[in-house]
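Here is the naming used below: chain letters follow the sequence lines, and residue numbers restart at 1 for every chain.
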Amino acid sequence: MSDLNEQDFYAKAGVERIGKDRRSHFASEVTPKIAGKQVTLIGWVHTLRDKGRIKFLILRDERGMVQVTIPQGKVPTDVFEVSGQLKPESVVVVHGTVVAADQVERGVEVIPSKIRLINTAERLPIDIVEGKVDIDLETRLNHRVLDLRKPKVNAIFRVQHCLVKHAREYLEKNDFVEIHTPKIVAAATEGGANLFEVNYFDRKAYLAQSPQFYKQLMLLAGFGRVFEIAPVFRAEKHNTRRHVNEYTSFDFEMAWIGGVEDVMSMEEKMLHHSFEKTTKEAAAELELLGIDLKVPEVPFKRVKYKEAIDIVNEAGKQLSYTDDLDPDCEHILGEVFPRKYGTDMVFVTHYPLELRPAYTMPSLTDEGMTESFDLLYKGMEITTGSQRIHLHNLLVERFKAKGFNPDNFSFYIDPFRYGAPPHGGLGLGVERLTMQVLGIDNIREATLLPRDRDRLTP
RNA sequence: GCCCCUGUAGUGUAGUCCGGUCUAGCAUAGGCGACUGUCACUCGUCUAACCCGGGUUCAAAUCCCGGCGGGGGCGCCA
């Protein structure tokens, strides 16, 4: 017998197995309407307010919290004793009866008939109950798993999920095919941004900074419309609230377009759909985060790059038409656009040739400019897109003009010799979209497990 | 690549300028005790910290030097 006990690692840990117990209700589903019902709750001990002969256990699960009230004499003796042993973040199964209770803010509580300890928790490195002590973001990220248990932090990523889910849904309804392109690549797509080098057996390879070439090639391969939601890598030693070194890029690319306008039109409808669905499906999370999400009206405002420069110059900057809009400019535009156009979602179009990658279609209507756009949301660039060059000779010419040797990109350029469809597309930063939707200051907060200049764990 | 700031209990801070009751304060977390309606429970009590090394000085958390660590911004970009 003693040998058996030695091997029972559950008993050794002082805990029980869940066994056949399964959750009957989420905490949020315990309402006065189901008073009298027997429920099985599974979750964490959020707090235990131990008043001596009555204890109040706040049980938290994936969807919320509910109070479990444990009055001595009215619950079995062992239930009362076990409850006294519980620590914050202990994992428990609670069997009990739902009781309407005026004393509780939610008007309902659970009186337990049984409480089973499923796992123990040591002293926490960070407080999970919010509102007691402000914790540095750095410390929170070091303990990200615990940090994410906070309902508000968790809600950020449920909103993010919702935004992505419905953007994807819109594209699927519009004949886009989801593709998965290689993240280990041989060469840069755009120059500029630095690449992470990796050992590819005995050769040098790089982590993809963008799926750009591949998603275009898939249109040449006959897919018509494609999208990909995947990580991209930027080896820039930037350290700002808007940058991380690995982020999720939401890319789409569509063939048979008449111009860049078709791409913008697709994006605004996609975002409109996504925002609208998110306000409904993530209503609880948005409320928890105190966000009143405004669904931007379609069509979004369009402003030419030159006009944007004029606007920031009116605000005191001194930029020429070939200067890039820096974060300060985006901030200015973020303030001016709502006043001037009544919206915080604005396409800035027709960027100068020198500011855009080699594959961007030059403009016939605006000399020296491109058929391109950025989407600025609340003063931050969340999308970059354009009509792409589908004419082989022009593509070669543009690569040369940018100082690249087209021969190094033959895998990308050569297919354009054989009937490439006119096309365009965009890349949208998922974390940036999330942070702007939720009014988050630092992109790391909108990134599940951020990779920045020196963070590689967790 | 460039620039700025900063290291005090598990966490967040006060103290650092102007060295001396700092035997390092407070909050929160944690231990123990009390409490039958709490809801950031309350009350009592205890535990727990000056990044490392060197220097100046009668005296260093405080000033100086070096090391290590951390945070933020710019360029670039989503």
Task: Per A:T139 side chain, nearest of listed nucleotides B:U11, B:G10, B:A78 - done: B:U11
Open item on the list: Once you measure the plane-to-plane angle for A:F213 and A:F399, does it fall in the parallel (<30°), tilted (30-60°) or perpendicular (>60°) bin?
Closed with: tilted
Task: Atom pair distance, as rounded to whole Å: CD in A:E122 and C1' in B:G10 - done: 12 Å
Open item on the list: Taking donor-acceptor contacts at under 3.5 Å, does the side chain of A:R242 reach the base of B:C74?
Closed with: no
Open item on the list: The side chain of A:K132 is closest to which nucleotide in this list: B:U11, B:A78, B:U28?
Closed with: B:U28
Task: Whole-Å gap separating P (B:G72) and CD (A:E445) - done: 11 Å
- [ ] Go along nucleotides 33-38 of chain B 5' to 3' and tag each nucleotide: B for a protein heavy atom under 4.0 Å from its base, S when only backbone or sugar atoms are that close, - otherwise.
- [x] --BBBB
Task: Listed nucleotide nearest any side-chain atom of A:I135, set B:A78, B:G73, B:U11 - done: B:U11
TODO: Kindly point out which of B:A78, B:C76, B:U28 is positioned nearest to the side chain of A:E236?
DONE: B:C76
TODO: For B:U57 and B:G70, measure between their P atoms and round to the nearest Å.
DONE: 34 Å
TODO: Fill in the dot-bracket string of RNA chain B, one character per base: . for unpaired, | for a pair to another strand, ( ) or [ ] for pairs within the strand, taking Watson-Crick or G-U pairs under 3.5 Å.
DONE: (((((((..((((......[....)))).(((((.......)))))....(((((..]....))))))))))))....
- [ ] Walk me through it: do A:F252 and A:F176 pass the test ring-ring contact (aromatic ring centres under 6.0 Å, His included)?
- [x] CA-CA 8 Å; A:F252 75 63; A:F176 281 79; 5.3 Å; yes
Task: Nearest to side-chain heavy atoms of A:D127, which nucleotide of B:U28, B:U13, B:C76 - done: B:U28
TODO: Could you measure between the two C1' atoms, the one in B:C58 and the one in B:G53, and give it in whole Å?
DONE: 23 Å
Task: Rounded interatomic separation in angstrom, taking CD from A:E89 and P from B:G10 - done: 20 Å
Look for any protein N or O under 3.5 Å of an N or O in nucleotides 2-8 of chain B and output each such pair with its distance, or none.
none

Open item on the list: Just the rounded figure in Å: distance from C1' of B:A40 to NZ of A:K152.
Closed with: 12 Å
Open item on the list: What is the separation between atom CD on A:E246 and atom C1' on B:C77, rounded to the nearest whole Å?
Closed with: 16 Å
